[in-house]
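Read the structure below first, then the notes.
Owing to the predicted nature of the structure, the values given are computational and were not obtained by experimental measurement. In what follows, chains carry the letters A, B, and so on, assigned in the order in which the sequence lines appear, proteins first and then strands, with residues in each chain numbered from 1.
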Number of protein chains: 2
Amino acid sequence: MQKQNFLTKNQQIVLDLVEKSSQPLKAYSILFNVQKKGLKAPLQVYRALDKLVEIGKIHKIESRNAFVACKNSNCVVSNATAFSICESCEKVTEINNSKLSKYLSNFEDNSGMKYNKYNLEFFGLCKKCKNK
Amino acid sequence: MQKQNFLTKNQQIVLDLVEKSSQPLKAYSILFNVQKKGLKAPLQVYRALDKLVEIGKIHKIESRNAFVACKNSNCVVSNATAFSICESCEKVTEINNSKLSKYLSNFEDNSGMKYNKYNLEFFGLCKKCKNK
DNA sequence: TTACACAATGTTATAATATAACAAATTATT
DNA sequence: AATAATTTGTTATATTATAACATTGTGTAA
Ligand SMILES: [Zn+2]
Ligand SMILES: [Zn+2]
Ligand SMILES: [Zn+2]
Ligand SMILES: [Zn+2]
C-alpha cells in the first residue's frame with residue numbers, strides 16, 4: 001500500500017470545519033462540532049489534526065493550543081510559519097511576507113545549527129481593538 | 001502595600017530550580033522537585049511561573065510547554081524571544097542576536113497592526129545530533 | 001496599635017489538552 | 001483468497017492548567 005496522498009474521511013471532516021472557521025479552533029471544540037459526523041473520541045480528532053499539520057493544510061497556534069487553516073499557498077508543509085495575534089480579540093492572521101520568510105529561512109547563528117523549520121508568533125492589538 | 005518588586009519565596013524557589021537546569025523544565029517536573037521545599041500544589045508552581053515569565057526571568061517554550069531561565073540580560077520582560085530547539089535531543093538555546101531582534105521588533109506588515117511582542121522558535125538538529 | 005486593605009499563599013477540586021494501548025475494519029498488493 | 005499495511009474505533013489514562021475559596025502575612029492609616 002502506498003503512503004496516502006489524499007485525505008481520509010476523518011481528515012477531510014476536520015479540515016472542512018477548520019477551513020470554514022474564520023478563527024483558530026481548539027481540539028475539543030472541533031471534537032464537539034464533528035460528533036454529528038461520527039467522530040466520537042479526542043484521538044480521532046488529534047490524529048486528523050496531526051496529519052493535517054504535517055502536510056501543511058492547517059497550522060497550530062502554539063501559544064493558544066488552537067488550529068487554523070493555512071491561507072498561504074506556499075505552505076506545502078508547516079515548516080515556516082508566522083502569525084499575528086491580537087491579544088484582545090484573539091484574531092489570528094497568517095503572515096505571508098516573502099521578505100520575512102526569506103530572512104528567517106536563511107537565518108544562521110554561530111551555534112552551528114542548521115534550521116529546517118521555524119514558527120513565529122507576533123502579538124499586539126489589531127486595528128479594531130486599538131481604536132477602542 | 002506596594003506592588004511587589006522582589007521575588008516572593010515561592011517564586012525564588014521555582015526560579016532557583018529553573019536556573020540550575022541546563023534544559024527546559026515542565027511544570028509538573030518543577031512541582032515534583034520543589035515539593036521538598038513546601039510547594040505542594042500545581043497552582044503554587046503555575047503562579048510562580050506566571051510571575052517569572054511576566055518579569056522576564058524565565059521564558060516559556062510554547063511548542064514544548066516547558067520553561068527555561070532567561071540567559072539574556074536584555075530580557076527585562078519576555079516580549080521579544082527567540083529560541084533554537086533541537087528536534088532530536090530537545091536541547092533549547094535562547095538566541096541572542098541583535099540583528100534578528102532588531103529586524104523582528106521593527107517588523108511591520110500591511111495589517112495595520114503594531115506588534116509589541118513576539119516569540120520565535122527555530123527547529124533543527126544541533127551539532128551533536130547532526131553528526132550521529 | 002489596631003483595624004483595614006490587599007497581596008501572597010494554601011488547598012481542594014476540576015477543566016482542558018493530549019496520548020497510550022489495543023482491537024477492529026478497511027484498503028492495497030501478491 | 002491470503003497477506004500486509006493503514007486507518008479507524010474504543011477505553012482508559014496521562015499531562016497541562018485554572019477556578020474557587022479559605023487563610024495567612026504585611027504594609028498603611030486612623
Ligand atoms: Zn500556511
Ligand atoms: Zn483585536
Ligand atoms: Zn531572555
Ligand atoms: Zn540535539
Side-chain angles (χ1 to χ4, degrees), chain A residues 1-18 21 23-55 57-68 78 87 90 92 119 121, chain B residues 1-18 21 23-55 57-68 78 87 90 92 119 121:
Chain A
M1 196 181 189
Q2 301 271 357
K3 200 178 169 194
Q4 154 201 337
N5 61 348
F6 51 87
L7 296 182
T8 66
K9 193 191 71 176
N10 289 357
Q11 289 160 14
Q12 192 64 58
I13 290 171
V14 170
L15 178 59
D16 286 347
L17 184 71
V18 177
S21 169
Q23 286 311 298
L25 295 178
K26 302 263 203 166
Y28 275 72
S29 144
I30 292 171
L31 174 59
F32 178 81
N33 278 283
V34 297
Q35 277 177 332
K36 62 196 75 151
K37 306 241 179 187
L39 285 83
K40 290 180 195 157
L43 198 46
Q44 294 173 286
V45 168
Y46 278 105
R47 282 199 282 230
L49 288 172
D50 283 353
K51 187 69 184 187
L52 291 168
V53 166
E54 186 193 326
I55 64 179
K57 289 284 187 180
I58 65 174
H59 304 300
K60 182 174 186 181
I61 309 300
E62 293 287 357
S63 65
R64 300 299 188 260
N65 297 319
F67 300 84
V68 279
S78 299
E87 290 186 298
E90 294 294 324
V92 170
N119 179 56
E121 298 181 3
Chain B
M1 196 182 189
Q2 300 271 357
K3 201 178 168 192
Q4 153 201 339
N5 62 348
F6 51 86
L7 296 182
T8 66
K9 195 191 71 178
N10 288 357
Q11 289 160 12
Q12 191 63 59
I13 290 170
V14 170
L15 179 58
D16 286 348
L17 183 71
V18 177
S21 169
Q23 286 310 299
L25 295 177
K26 302 264 202 165
Y28 275 73
S29 145
I30 293 171
L31 174 59
F32 178 82
N33 279 283
V34 297
Q35 277 178 331
K36 63 196 72 150
K37 306 243 177 183
L39 285 84
K40 290 180 194 155
L43 199 44
Q44 295 173 286
V45 169
Y46 278 106
R47 283 199 281 230
L49 289 172
D50 284 352
K51 186 71 183 184
L52 292 168
V53 167
E54 187 193 323
I55 64 179
K57 289 285 188 181
I58 65 174
H59 304 300
K60 182 173 186 183
I61 309 300
E62 293 286 356
S63 65
R64 300 298 188 258
N65 297 319
F67 299 85
V68 279
S78 300
E87 291 187 296
E90 293 294 324
V92 170
N119 179 57
E121 298 180 2

It should be established whether [X] places a side-chain nitrogen or oxygen under 4.0 Å from OP1 or OP2 of nucleotide [N].
X: A/K40; N: D/dT10; answer: yes
X: A/Q44; N: D/dG9; answer: yes
X: A/T8; N: D/dT8; answer: yes

[X] [atom1] to [Y] [atom2] distance, which is reported to the nearest 0.5 Å:
X: A/L43; Y: A/L49; atom1: CG; atom2: CG; result: 11.0 Å
X: B/L25; Y: B/I58; atom1: CG; atom2: CD1; result: 9.5 Å
X: A/F6; Y: A/Q11; atom1: CZ; atom2: CD; result: 9.0 Å
X: A/K51; Y: A/L15; atom1: NZ; atom2: CG; result: 13.5 Å
X: A/D50; Y: A/I55; atom1: CG; atom2: CD1; result: 11.5 Å

Which whole-number value in Å describes the distance from [X] [atom1] to [N] [atom2]?
X: A/K37; N: D/dT8; atom1: NZ; atom2: P; result: 15 Å
X: A/L31; N: C/dA16; atom1: CG; atom2: P; result: 13 Å
X: B/R47; N: D/dT23; atom1: CZ; atom2: C1'; result: 12 Å
X: B/Q12; N: C/dA8; atom1: CD; atom2: P; result: 15 Å
X: A/I61; N: C/dT17; atom1: CD1; atom2: P; result: 14 Å
X: A/L49; N: C/dT17; atom1: CG; atom2: C1'; result: 12 Å
X: B/L7; N: C/dT9; atom1: CG; atom2: P; result: 10 Å
X: A/F32; N: C/dA15; atom1: CZ; atom2: P; result: 16 Å

query: Is any side-chain heavy atom of B/E121 less than 4.5 Å from a side-chain heavy atom of B/E62?
result: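 Counting from C-beta outward, B/E121 and B/E62 do come under 4.5 Å.
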- request: Without swapping roles, check the side chain of B/S78 against the backbone of B/V53 for a donor-acceptor pair under 3.5 Å.
  value: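 Yes, B/S78 side chain to B/V53 backbone: donor-acceptor pair under 3.5 Å.
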All N/O pairs under 3.5 Å across the protein-nucleotides 14-18 of chain D interface:
| from | atom 1 | to | atom 2 | distance (Å) |
| --- | --- | --- | --- | --- |
| D/dT16 | OP1 | B/K26 | NZ | 2.5 |
| D/dA17 | OP1 | B/K60 | NZ | 2.6 |
| D/dA17 | OP2 | B/Y46 | OH | 3.1 |
| D/dA17 | N7 | B/Y28 | OH | 2.8 |
| D/dA17 | N6 | B/Y28 | OH | 3.2 |

